[in-house]
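Reviewing the structure listed below.
Remember, predicted model here, so these are calculated numbers, not experimental data.
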Amino acid sequence: MPELPEVEATRRHVAPAVTGRVIDAVEVRRPRMARRHARPGDFADRVTGRTLERLDRHGKFLLGRLSGDVTWVTHLGMSGRVSLAGKGDPEAPHTNVVVRFGGATEFRLVDPRTFGFVAALLPDEVAGDSISLLGPDALDALPRTPALAARLAGRTAPIKALLLDQRFLAGLGNIYADEVLHRAGILPSRPGGSLDGGEVAALRRSIRPVLDAGLRHGGTSLDDLAYLLPDGRAGDYLSRLRVYGREDRPCRRCGTPVRRAVLRQRSTFWCPECQT
DNA sequence: ACCTCCCTGGCC
DNA sequence: GGCCAGGGAGGT
């Protein structure tokens with residue numbers, strides 16, 4: 001599913017194709033995809049005719065800076081992906097939003113489960129939006145160990161729940177949170193505040209390598225192929241996962257069968273030998 | 001801090 | 001026919 005590496009891989013494909021170009025047509029075919037607006041038509045009205053000046057990312061949110069100080073927000077939810085195509089190219093099922101640039105290139109948001117969304121925010125709306133509550137980006141603004149330790153101090157929630165909380169740290173989802181904790185040797189259920197200095201350091205230095213590896217492999221396309229790169233290729237980080245989705249199969253580090261439990265309504269995978 | 005809901009394809 | 005996957009929003 002789309003987490004930070006998948007969104008960043010998407011951004012890197014999309015940005016060169018559309019930066020500096022003008023949005024000349026928008027179709028929102030599933031009104032739900034624009035549900036942050038009072039009227040779904042507001043999205044098209046606000047972005048049409050504007051130039052995409054840059055395409056940024058914060059956590060799992062794609063943030064387009066449009067001329068006239070409008071912020072185009074795209075979130076892929078859990079089944080969303082972007083398809084970059086030419087006008088008239090065959091469309092994938094569930095192409096729910098189409099943003100056309102310069103009469104040709106199309107940014108298509110394909111999302112069967114419609115947990116993703118698009119929005120266009122005016123300057124005075126940005127501060128009140130959830131994007132303003134996001135914590136530091138896990139890749140671009142990862143706090144140093146002392147700052148991370150300070151943020152964890154006194155927290156009783158399981159460390160995995162904190163890693164999934166986008167206000168604590170922005171970008172990790174269920175797959176990469178489990179992978180990071182395995183690399184760091186920390187049990188997902190450990191209260192955040194119970195990590196000692198060495199463990200916080202291990203956690204901190206586990207985040208970037210895991211995200212970088214995911215990004216290098218084009219992200220994690222699961223067997224359902226819901227997530228694909230914008231050119232239609234699958235990311236192959238699935239084959240490198242050490243614990244996620246591997247219940248009862250051997251830990252890739254020590255061979256002990258991987259365990260699974262539900263934590264905060266989410267499947268959680270860990271190695272009982274490597275993680276303490 | 002925690003729970004429920006949203007949504008649909010795929011699988012049992 | 002029913003359950004499962006889960007990111008984020010909203011409620012308690």
**Study point:** Pair A:Arg65 + A:Glu53, salt bridge at N-O below 4.0 Å
**Key:** no
Point to revise | Side-chain (A:Arg249) to main-chain (A:Pro257) donor-acceptor, under 3.5 angstrom | key: no
Exercise for review: Kindly write out the residues that satisfy side-chain contact (heavy atoms from CB on, under 4.5 Å) with A:Ala213, not counting sequence neighbours, or none if the list is empty.
Suggested key: A:Arg216, A:Tyr237
Check your understanding: B:dC6, C:dG7, B:dT4: which one has an atom nearest the side-chain heavy atoms of A:Gln265?
Key -> B:dT4
Review point. So which of A:Asn96, A:Val98, A:Leu76, A:Thr95 actually passes side chain to side chain contact (heavy atoms under 4.5 Å, CB included) with A:Leu109?
Key: A:Leu76
Review point. Which part of the nucleic acid does A:Ser79 contact within heavy-atom distance under 4.0 Å: base, sugar-phosphate only, or nothing?
Key: nothing
Study note, to complete from the structure: Taken to the nearest 0.5 Å, the spacing of A:Lys60 NZ from A:Leu134 CG works out to 10.0 Å
Review point. Does the side chain of A:Thr10 come under 3.5 Å of the side chain of A:Arg81 through a donor N or O and an acceptor N or O?
Key: no
Exercise for review: To the nearest 0.5 Å, tell me how far A:Asp129 CG sits from A:Leu121 CG.
Suggested key: 5.0 Å
Check your understanding: Between atom CG in A:Asn174 and atom C1' in C:dG8, what is the gap in whole Å?
Key -> 14 Å
Check your understanding: Can you check the A:Leu222 CG to C:dA5 P distance for me, whole Å?
Key -> 12 Å
Revision key, fill the gap. Rounded to whole Å, CD of A:Glu3 lies from P of C:dA5 at a distance of 15 Å
Exercise for review: Using a cut-off of strictly less than 4.0 Å between a heavy atom of the residue and any atom of DNA chain C, enumerate the qualifying residues of residues 115-135 of chain A by number.
Suggested key: A:Phe115, A:Ser130
Point to revise | A:Ser130: partners by side-chain contact (heavy atoms from CB on, under 4.5 Å), with sequence neighbours left out | key: A:Arg36, A:Phe61
Might you list the N or O atoms of the protein lying below 3.5 Å from N or O atoms in nucleotides 8-11 of chain B, with each pair's distance?
residue	atom	partner	partner atom	Å
B:dT8	OP1	A:Arg30	NH1	3.3
B:dT8	OP1	A:Arg30	NH2	2.7
B:dG9	OP1	A:His94	NE2	3.3

Review point. Side-chain donor-acceptor pair under 3.5 Å between A:Glu3 and A:Tyr227, yes or no?
Key: no
Revision key, fill the gap. Whole-Å distance, A:Leu4 CG to C:dG6 C1', equals 17 Å
Study note, to complete from the structure: The complete set of side chain to side chain donor-acceptor pair (under 3.5 Å) pairs with one or both residues in residues 196-207 of chain A, sequence neighbours excluded, reads A:Arg190-A:Glu199
**Study point:** A:Glu179/A:Arg183 ion pair, N-O < 4.0 Å
**Key:** no
Practice item. State whether A:His75 places a side-chain N or O below 4.0 Å from either non-bridging phosphate oxygen (OP1 or OP2) of C:dG8. Key: yes
Check your understanding: Going by number, which of residues 151-172 of chain A have a non-hydrogen atom under 4.0 Å from DNA chain B?
Key -> A:Arg155
Check your understanding: Is any side-chain N or O of A:Tyr244 closer than 4.0 Å to OP1 or OP2 of C:dG6?
Key -> yes
Check your understanding: Whole-Å distance between C:dA5 C1' and A:Leu76 CG?
Key -> 16 Å
Check your understanding: Taking atom P of C:dG7 as reference, at what distance in whole Å does atom CZ of A:Arg81 sit?
Key -> 19 Å
